[in-house]
Structures are given as C-alpha cells and as structure tokens.
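Count residues from 1 along the sequence. One-based numbering, in listed order, for ligands and for the atoms of each.
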Amino acid sequence: MALDDDVRAELAGLEGAHRLRTQRVVDGPQGPTVVLDGVEVLNLSSNDYLSLAGDRRLAKAAAAALDEAGSGAGASRLIAGTQRAHVVLERAVEDWLRCGGVRLFNTGYAANVGVLTTLVHAGDVVFSDELNHASIIDGCRLARAEVVVVPHRDLGALERALADVRGPRRKLVVTESLFSMDGDIADLHALGALCRRFEAAFVVDEAHAIGAHGPEGRGLCADAAVEPDVVIGTFGKALGSFGAFAATTRPIAELLWNRARPFVFSTALPPSIPASSLAAIEIVRGTEGLERRRLLASHARRFRDRVPQAGGARDSAIAPIPVGDDREVMRLTAQLLEARLFVQGIRPPTVPEGTARLRVSVAAGHTVQQIETACLSLNNAMRHVV
Ligand SMILES: *Cc1c(COP(=O)(O)O)cnc(C)c1O
C-alpha cells in the first residue's frame, strides 16, 4: 500500500537521524526504582517527584471509588458525566490553591489547549517563552492568535514586545514556572508586574512545580506570592495520579465549562482518578508532604554538588546534563542502563536542535545512597563523552 511505503520511509528517516523513539516497559508500580524491561533499575527519568505514584493510599482511594462509582464516567461533564468525585476534587483544589474557581481537565495537555483557545482568538496576541511545552504551543496555534515567541526568560524582550502592541487587542503572557526540560524557573514576580503594567492576562503552567514547590505544595506562584489569571497544574507528576486542572477565577472557570473544547467534547475522568488525586492532595498539604519536599530539595542540591554539569535551579528536581548530539545521548542512556541507571536521553523536537541532553530527575523516595551511586555512574559516563 502506498501510504504504508511512505510511512516506512518516514520512519527510516527518523532512524537514520537517531530520532526514532522506542518503548521501554515498566512492570509494577512507578517509583524510585522500577522494573524496566525485566531489569530492576534506579529510576531517574520520572516526573513522580514526591514518589506518590506507587503509594498504596492513592491506589486504595481509587479502588474504593471504583467500587462505589464504577469504572467510567459514561459521558462528558456537561452531559451526564459529572460525578460527585469531580465536584469534590474541584472544591478541594479551590481550597488548596485559594482561588475562586477550578476546572478539571483530563490531561495537562488538554488544559493548556482548552485554556488558551478559550481566552484568546484571532486578533489577540500571545507572548510565549521559546521553551514552553508543546501543549502551550499547540494551544496557541489552535487559538489562531498572533504568537510572539519570547527568548527564554528574557524580560527585556518581553517588555519591548508588549510595548509594541497597538490597538485594543487582548494580550496574554504564558510561561511555565519550572521549565520541564531545563529545570530553571521563570521570574514570576517580574512577569506578573509586566502583565499588570501592560494589562496582559497571565497564564502560568505549573506542571512540574505543583506539589513539589511552595507552601503546602501550592507551586512557585504561591511561593512568589504571584496571582496569575490562570494556573495550570497536572495530577500526573508530583501528585502521582492523573488528570489536570486550571485554577482561576469563578467567571473564567465558568467560561471554560462552556467553551473549552477539550473539556466540553471529551468523556469525564473516571471517578477513581479524582479520588486518587484527592488522596494525593491530602498528603501533599500535610506534614508528610513538607517532609517529602524537603527530601526532594536536598537530593536536588546533593546531585548538583556532585555533578557540576547539571543545570537547573538548585532546588529543582529536574537536572539536565548537556550532551548536544542525538546519537551520543542515546548511547549514554544505553550505557547507563548497563549500570542499572535509567536516565532518559531527550532529543529534538522535545528540546531545540543540537541541545540533546540527559534529563535527570530525582525524587523524594530516593535514598541518599541511591543519589550518590547515580552521581558516581553519571560522572563516570560523562568522562568518556566526545
Ligand atoms: C507534562 C506537561 C504537561 C502535560 O501534562 P499531562 O497531564 O501529562 O498531560 C503540560 N505542561 C507541561 C509544562 C508539562 O511538562
């Protein structure tokens, strides 16, 4: 078949460029160590920053909800799919993040697309950091707004671009708080001030920070006492569950209910999922959450003290080690796996051309000994990088 032949050629092209993605299979729960393709390895590749994904309390909450409310929501939230668990979780996030309205989404990807396409349209202008996540980029494209791509964390460039806009167009600044592939942090305070000065809406994607940073794990905006119009968070990373939310004002949450297409036209999350997310929030807000965040930050600092090439903010769980070459980074991943260390190499298009890297992520559940072992193996491997 002609299409199949074309597709095979496209795949061969990816393989030739060392860009073909393959699958590795985990057996058993996600955690500080995992069984990967049948071998137990130290897991330095997951976003399960607080080591909650394998926690029995989350699994039990999900199991109880499955028992009580069944496996599927059966419809979108707007039709017949709003179950008690959705409403309870939205209230719980409002209370946790102290905001006027919360809308759940099935994924963080859907949240970014839903929020951006609801808040901006053709004729509006979005100012988007050049390293923003693919779901933000796709949201901007689908919104058909004009997009000004701002050099990474360049406040001066953003200020000039904002000052350049003429006429009564809606302006919206969107950024990640903790950048997913670089582990560095946006200057949220300065961004918030620029948005106020230029009357721009402000949307912050806290996918990697929610749960892992800030008072009660409320994220980096809460930490900086900044209140954007919308905070996007996911339950799939530090909270160890699944699904996502937009934390915002009551009217924006209501508009999202009416207009956000990935929300309106998609089956609601099965009730077991919000139930496990709720259990995660309880842990994250309590003293155990605080203790886990302290461990996480301490591992992050230890790692950076031992591995000087590691980038990112000092307390951040995400520590990229620059390599550059796509083939070399995949060779390193394979070599580290031999030493039972799972560090996923990250290649374009996930990161810009020529900036392939090992993306190390530490987790609260790692032991100090495991971090030390990881540093030794990584330093050893990096000595032989060409
Ligand atoms: C992972 C991620 C998302 C998507 O969240 P999911 O719940 O996994 O779909 C959105 N934004 C950023 C910055 C992310 O890293």
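- For the residue pair Asp223 / His213, no side-chain donor-acceptor distance below 3.5 Å is found, with atom types taken as modelled.
- Listed by atom number, the atoms of ligand 1 under 4.0 Å from His208 heavy atoms are 14 (C), 15 (O).
- In terms of protein heavy-atom proximity, atom 4 (C) of ligand 1 is nearest to Tyr109 N, 3.5 Å.
- A salt bridge links Arg169 with Glu146: at least one charged nitrogen is closer than 4.0 Å to a carboxylate oxygen.
- At a 4.0 Å heavy-atom cut-off, ligand 1 touches Asn112 through the side chain alone.
- Contacts between Asp205 and ligand 1 below 4.0 angstrom, taking non-hydrogen atoms only, involve the side chain exclusively.
- Taking a cut-off of under 4.0 Å to the non-hydrogen atoms of Gly108, the atoms of ligand 1 that pass are 4 (C), 5 (O), 6 (P), 7 (O), 9 (O).
- Using a 4.0 Å cutoff on heavy atoms, Gly236 does not count as a contact of ligand 1.
- Salt bridge Asp55/Arg57: present, at least one basic N to carboxylate O contact under 4.0 Å.
- The side-chain heavy atoms of Leu155 and Leu194, taken from C-beta on, include a pair separated by under 4.5 Å.
- Interface atoms of ligand 1 facing Glu176, defined by a heavy-atom separation under 4.0 Å, are 13 (C).
- Protein heavy atom at the shortest distance from atom 1 (C) of ligand 1 is Lys237 NZ, 1.5 Å.
- Within ligand 1, the atoms closer than 4.0 Å to a non-hydrogen atom of Ser135 are 10 (C), 11 (N), numbered from 1 in the order shown.
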Determine, step by step, whether Leu97 and Val102 satisfy the side-chain contact (heavy atoms from CB on, under 4.5 Å) criterion, reporting the C-alpha distance in whole Å, the side-chain angles of both residues, the deciding distance to 0.1 Å, and the verdict.
CA-CA 9 Å; Leu97 300 187; Val102 165; 5.9 Å; no

Working note: Arg301 + Ser316, criterion side-chain hydrogen bond (donor to acceptor under 3.5 Å, both in side chains); need CA distance, chi angles, decisive distance, verdict.
CA-CA 8 Å; Arg301 290 192 291 267; Ser316 120; over 6 Å; no

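- Contact check for Phe127 versus Leu172: no side-chain heavy atoms found under the 4.5 Å cut-off.
- In the vicinity of Ser180, heavy-atom distances shorter than 4.0 Å reach the ligand 1 atoms 15 (O).
- For ligand 1 and Thr234, the ligand atoms under 4.0 Å from any heavy atom of the residue are 6 (P), 7 (O).
- With salt bridges taken as basic N to acidic carboxylate O contacts below 4.0 Å, one links Glu372 and Arg306.
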